[in-house]
Structures are given as structure tokens and as C-alpha cells.
Amino acid sequence: MSRISGVKLNMSKGELITINPDNTVRVPDNPVISFIEGDGIGPEIWRAAKMVLDHAVSAAYRGERIIAWQEALAGEKAFKETGQVLPEATVDAIRKTVVAIKGPLTTPVGGGIRSLNVALRQILDLYACVRPAKYIPGVPSPVREPEKVNMVIFRENTEDVYAGVEWHAGSPEALRLIEFLRESFGAKIREDSGIGIKPISETCTKRLVRKAILYAIDIGYPVVTLVHKGNIMKFTEGAFRSWGYELAHDEFKGRVITEDEVWEHHGGKRPGGLVMINDRIADAMFQHALLRPDEYGVLATPNLNGDYLSDALAAQVGGLGLAPGANIGDGYALFEATHGSAPKYAGQDKVNPSSLILSGKMMLDYLGWREAAVLVERGLERAIAKKIVTYDLARQMAGAKEVSLSAFAEEVVNNLAR
């Protein structure tokens with residue numbers, strides 16, 4: 001394992017992943033993969049996740065496949081060593097290795113970047129934030145039937161209010177824009193307003209929905225739902241809905257069917273082999289996620305809706321400590337813990353590493369190493385079934401044995417056997 005300190009990689013222990021013309025990836029048996037430890041609890045949960053992933057790969061392939069890990073710097077560690085929170089060398093390294101995984105990052109005060117996570121997504125054009133929510137038996141849940149939750153959110157990652165196009169109240173830019181909107185369009189906006197722009201484009205909508213539909217077809221999910229607030233924001237979120245249906249019609253004819261077509265021509269029963277495309281207003285979708293989660297599979301959403309929904313779904317299946325995530329573009333992919341850096345717990349060997357472990361499982365699936373991914377999932381499920389868990393779960397589970405972060409990871413490894 002070696003550090004990426006510049007754009008030139010040490011390739012003595014591995015080969016680079018490459019991107020095919022159709023934006024799939026070609027993965028050698030010894031791929032070089034970048035990792036960012038993260039801040040706060042990041043180094044601890046990364047060590048745990050790496051141990052689980054390495055053991056799963058070893059158990060699945062008996063030495064025929066191995067990951068050559070290369071460290072890249074970001075966040076507080078990068079700032080201490082380079083004076084930058086996101087060195088250009090790190091971005092270059094991820095571009096070279098194609099696939100990366102990271103712990104949680106905290107943007108240091110005065111770092112000049114609003115969010116390191118958002119910056120990485122935008123710089124690398126990782127336009128799909130992919131967040132699965134699937135219940136693991138035995139995990140405490142606030143809902144009665146969490147086992148019905150098995151959804152994957154595809155959240156557009158580069159536009160919407162997260163684009164960062166905004167000005168604070170009273171600034172020259174905000175006042176100038178307010179004046180322009182008043183004089184040119186008759187908009188009624190108070191002068192003491194902060195102003196933000198909400199861009200949603202046809203280009204970014206269609207590539208996001210395309211990826212969501214392809215995923216549903218590949219994995220076998222029966223429904224893709226476009227989640228929007230188009231009843232109010234007709235030309236942004238309403239357009240997201242319209243463009244999504246347009247993309248489905250133009251590019252997936254014969255493989256998808258709309259909900260309206262199901263009712264008009266098939267008596268409300270989806271024909272086998274076809275993925276149904278429907279849409280839901282965002283606030284109604286929150287209710288459906290609680291009351292009828294088993295009716296949904298893949299959700300395609302604009303940025304803000306997806307942010308809310310992914311955390312809400314995570315809460316139903318155990319919280320962010322068990323929620324994996326990935327940011328995926330055209331070939332490039334960055335897998336990550338979905339929770340924060342929790343600096344007050346740093347160095348205590350205490351927190352739940354499952355989010356990063358399950359993100360690593362997603363990474364193995366992305367590489368096409370399904371056998372190893374299954375072992376990771378199985379090891380985690382068996383550890384939880386035995387009630388050998390970290391403090392966050394132990395305090396909610398009768399008869400549980402509370403163990404440290406590292407001991408939990410060891411328990412997962414001990415339960416990887418095929």
C-alpha cells in the first residue's frame with residue numbers, strides 16, 4: 001500500500017482499471033483503487049472496512065484477485081501535509097484509478113471549499129448519487145415492517161440548489177439580481193432576500209434517469225419512480241419528470257412500460273419482463289415510503305429530494321451507520337460512508353463501521369466481483385444476527401453483546417465463510 005502524492009502512480013503491485021466506450025469498466029485481477037481515509041473517525045472505520053474487503057476478496061478468489069490500495073489525501077490530513085484540503089494530485093489520482101473509496105470528510109474552516117464531498121462530485125462529474133436502503137434482519141427500526149424496504153435512490157448529484165449559485169441577502173449581486181427580476185419579469189422579491197438559482201437541465205436529468213433504468217434492468221427491480229415537486233416547480237422539477245418519461249420512451253422502448261399504460265392496457269398488472277416507469281410528487285413519496293415501501297424499487301430524483309429521501313429511508317433500516325453510498329459518473333465511481341466524521345468519537349474504537357463496509361460491498365459489485373460482495377453482506381448480516389454489535393445497535397437490542405469498532409469488524413470477517 002502506498003501514498004498517492006502526485007499524479008504518477010506506483011503500479012508495481014497493480015494495474016489500472018479502464019473505461020470501455022460504453023462507460024462500463026474493464027477490471028484487471030489486481031486493480032489499483034484509491035482510498036481516502038477521511039477525517040475524525042475516518043481512519044478507524046477505513047481500517048475496519050479494508051480488513052473486511054481484503055478478507056472477502058481473499059476468501060472468494062483464493063489469491064487469484066487482489067486489490068492494490070493507493071492512498072490519496074483530502075480533508076484535514078491533506079491540509080496538514082499539503083496546505084490544501086483537496087490537492088489537485090488527489091483528483092488526478094482518482095481520474096487515473098477510475099474507482100475510489102473514502103471515509104467521511106470535514107471541510108476545515110477557511111478551506112475555501114463549501115463541501116469537499118460536493119466538490120469531488122462536481123469536479124469528477126459523478127452525477128449519480130446511489131444510495132441503497134435494504135433492511136438487515138435484526139436491526140432495530142422505528143417502523144413495524146422494515147423488511148419491506150428494499151429501494152435504491154439515484155439522486156442527481158451536480159445541479160439543483162446544490163449547484164451553489166447563490167448570494168447572501170444585501171449583497172451587491174443579490175440586489176442587482178432582484179432588481180433585474182423585478183424590472184424584467186415583474187417578480188415580487190423582497191430586498192432583504194438571499195437569492196439562489198435552481199438549475200435542472202435536460203442533459204443531466206436524462207443521463208441520471210438512464211443510469212437508474214439500466215440499473216433496474218440489470219439488477220431486476222420492477223419499478224423506476226421519478227420523484228419530483230413538479231406540481232409547484234413546473235419548469236424545473238416538472239421538467240425533470242417530463243424529460244425522464246421522454247428518455248424512457250426514446251431509449252428503452254420494449255423494455256419499459258409506463259404506469260398509465262399498465263392500467264390502460266393490462267388491467268393494472270405489470271407485464272413480466274418490463275420495468276414500469278411511474279412518478280410521484282416528493283411529499284407523497286415520503287408517505288408511500290413509510291406506508292407502502294414494497295411497491296417501490298429504484299427512485300430517480302433531483303438533488304435536494306434525493307438528499308431528504310435517502311436519509312429518511314436509511315432511518316427505516318437502521319440509520320446512517322448502516323447506509324452505504326456511491327457517487328458514479330461515466331465509468332468513474334467514488335464510494336463513501338454516508339455519515340459525518342464524528343470527531344468527538346475519533347480514536348475511541350467505538351463507532352459502527354457498517355456504512356463504509358457496505359459501501360465497499362457496493363464497490364465490489366461495481367467491479368463485477370459479485371462473489372466477494374456476497375461474502376461481505378453475509379458476514380455483516382451474520383454478525384448482527386448474533387447480536388455482536390457496536391454501541392449504537394447494542395443499546396437498542398435486547399441481549400446484545402456490545403463490542404468495539406475493531407472487534408465488530410473482526411466478527412464480520414469471522415462470518416465470511418461461504
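Positions are given from 1 along the sequence.
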Item checked: Step-by-step side-chain contact (heavy atoms from CB on, under 4.5 Å) determination, Leu208 to Arg155 -> CA-CA 8 Å; Leu208 183 279; Arg155 163 191 167 197; over 6 Å; no
Next item on the list: Might you work through the salt bridge (Lys or Arg N to Asp or Glu O under 4.0 Å) test for Arg176 and Glu179, ending with a clear yes or no?
Entry: CA-CA 5 Å; Arg176 182 180 176 186; Glu179 182 181 5; over 6 Å; no
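- In summary, Arg207 and Asp330 do not engage in a salt bridge, as defined by a charged side-chain N under 4.0 Å from a carboxylate O.
- Asn327 and Arg121 form a side-chain donor-acceptor contact under 3.5 Å, judged by distance and modelled atom types alone.
- Taking a 6.0 Å sphere around NE2 of His249, one finds it holds 12 or fewer heavy atoms contributed by other residues, nucleotides or ligands.
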Notebook entry, point to check: Under the salt bridge (Lys or Arg N to Asp or Glu O under 4.0 Å) criterion, do Lys80 and Glu76 qualify, and how do the steps go?
Noted result: CA-CA 6 Å; Lys80 288 178 182 178; Glu76 294 172 351; 5.8 Å; no
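- Salt bridge status for Arg378 with Glu381: absent, with no side-chain N to carboxylate O gap under 4.0 Å.
- Between Leu86 and Ala119 the shortest heavy-atom distance is CD2-CB, 4.2 Å.
- For Lys350 and Glu44, the salt-bridge test fails: no basic side-chain N is under 4.0 Å from an acidic carboxylate O.
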Less than 3.5 Å apart, which donor and acceptor atoms pair up between the side chains of residues 192-201 and the rest of the protein, not counting sequence neighbours?
from	atom 1	to	atom 2	distance (Å)
Ser193	OG	Arg190	O	2.9
Lys198	NZ	Asp160	OD1	2.5
Lys198	NZ	Glu237	OE2	2.9
Ser201	OG	Glu159	OE1	3.3
Ser201	OG	Glu159	OE2	2.8
Ser201	OG	Cys204	N	3.1

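- Panel note: side chain Tyr345, backbone Asp349; no donor-acceptor pair is recorded below 3.5 Å.
- Under the 3.5 Å distance criterion, with hydrogens and angles disregarded, no donor-acceptor pair is assigned to the side chains of Glu336 and Thr338.
- A donor and an acceptor atom, one from each side chain of His228 and Asp279, are located under 3.5 Å apart.
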Checklist line | Glu147 vs Lys134, salt bridge (Lys or Arg N to Asp or Glu O under 4.0 Å): CA-CA, chis, key distance, verdict | finding: CA-CA 8 Å; Glu147 66 278 1; Lys134 182 180 179 182; over 6 Å; no
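- Taking CG of Leu358 as the reference point, atom CE of Met363 lies at 12.5 Å (rounded to 0.5 Å).
- If you look at Tyr221 and Tyr296, their ring centroids are not closer than 6.0 Å.
- The residues Glu71 and Lys77 are annotated as salt-bridged, a charged nitrogen and a carboxylate oxygen being separated by less than 4.0 angstrom.
- Both tests do not hold together for Lys102 against Phe335: distance to the six-membered ring centre under 6.0 Å, angle to the ring axis within 45°.
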Next item on the list: For the pair Glu156 and Thr301, evaluate side-chain contact (heavy atoms from CB on, under 4.5 Å) and give the outcome as yes or no after the intermediate values.
Entry: CA-CA 6 Å; Glu156 204 291 317; Thr301 79; over 6 Å; no
Margin query: For a side-chain contact (heavy atoms from CB on, under 4.5 Å) check, start with the C-alpha distance between Leu364 and Leu53, then their side-chain angles and the critical distance, and finish with the verdict.
Written below: CA-CA 8 Å; Leu364 293 173; Leu53 297 176; 3.9 Å; yes
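- A salt bridge links Glu191 and Arg182; the closest N-O separation between the charged side-chain nitrogens and carboxylate oxygens is under 4.0 Å.
- Counted by atom type alone, Thr258 and Asp260 present zero donor-acceptor pairs between their side chains at under 3.5 Å.
- Here the closest non-hydrogen pair linking Val32 and Ile17 is O-CD1, 4.4 Å.
- Judged by the 6.0 Å and 45° rule, Arg210 forms no cation-pi pair with Phe154.
- Between Lys96 and Asp92 there is no salt bridge, since no side-chain N of the basic residue sits under 4.0 Å from a carboxylate O of the acidic one.
- Residue-environment remark: NE2 (His55) stays at or below the threshold of 12 foreign heavy atoms within 6.0 Å.
- Between the CG atom in Asn23 and the CG atom in Asn20 there is a gap of 9.0 Å [rounded to 0.5 Å].
- Nearest heavy-atom pair across Gly325 and Met362 is N-SD, 3.8 Å.
- Between Phe408 and Ile388, the closest side-chain pair of non-hydrogen atoms is not below 4.5 Å.
- Every residue meeting the salt bridge (Lys or Arg N to Asp or Glu O under 4.0 Å) condition with Asp283, not counting sequence neighbours, appears here in chain and number order: Lys229.
- Across all non-hydrogen atoms, the minimal contact from Leu105 to Gly38 is CD2-CA, 3.8 Å.
- In this structure, Tyr308 places its OH atom where only 12 or fewer heavy-atom neighbours from other residues, nucleotides or ligands lie under 6.0 Å away.
- Salt bridge annotation for Arg292-Glu295: present, with a cationic side-chain nitrogen under 4.0 angstrom from a carboxylate oxygen.
- Using the six-membered ring where Trp is involved, Trp46 and Phe35 have ring planes that are parallel, under 30° apart on the 30 and 60° scheme.
- For the pair Val118/Gln122, a side-chain contact is recorded, criterion being any heavy-atom separation below 4.5 Å from C-beta on.
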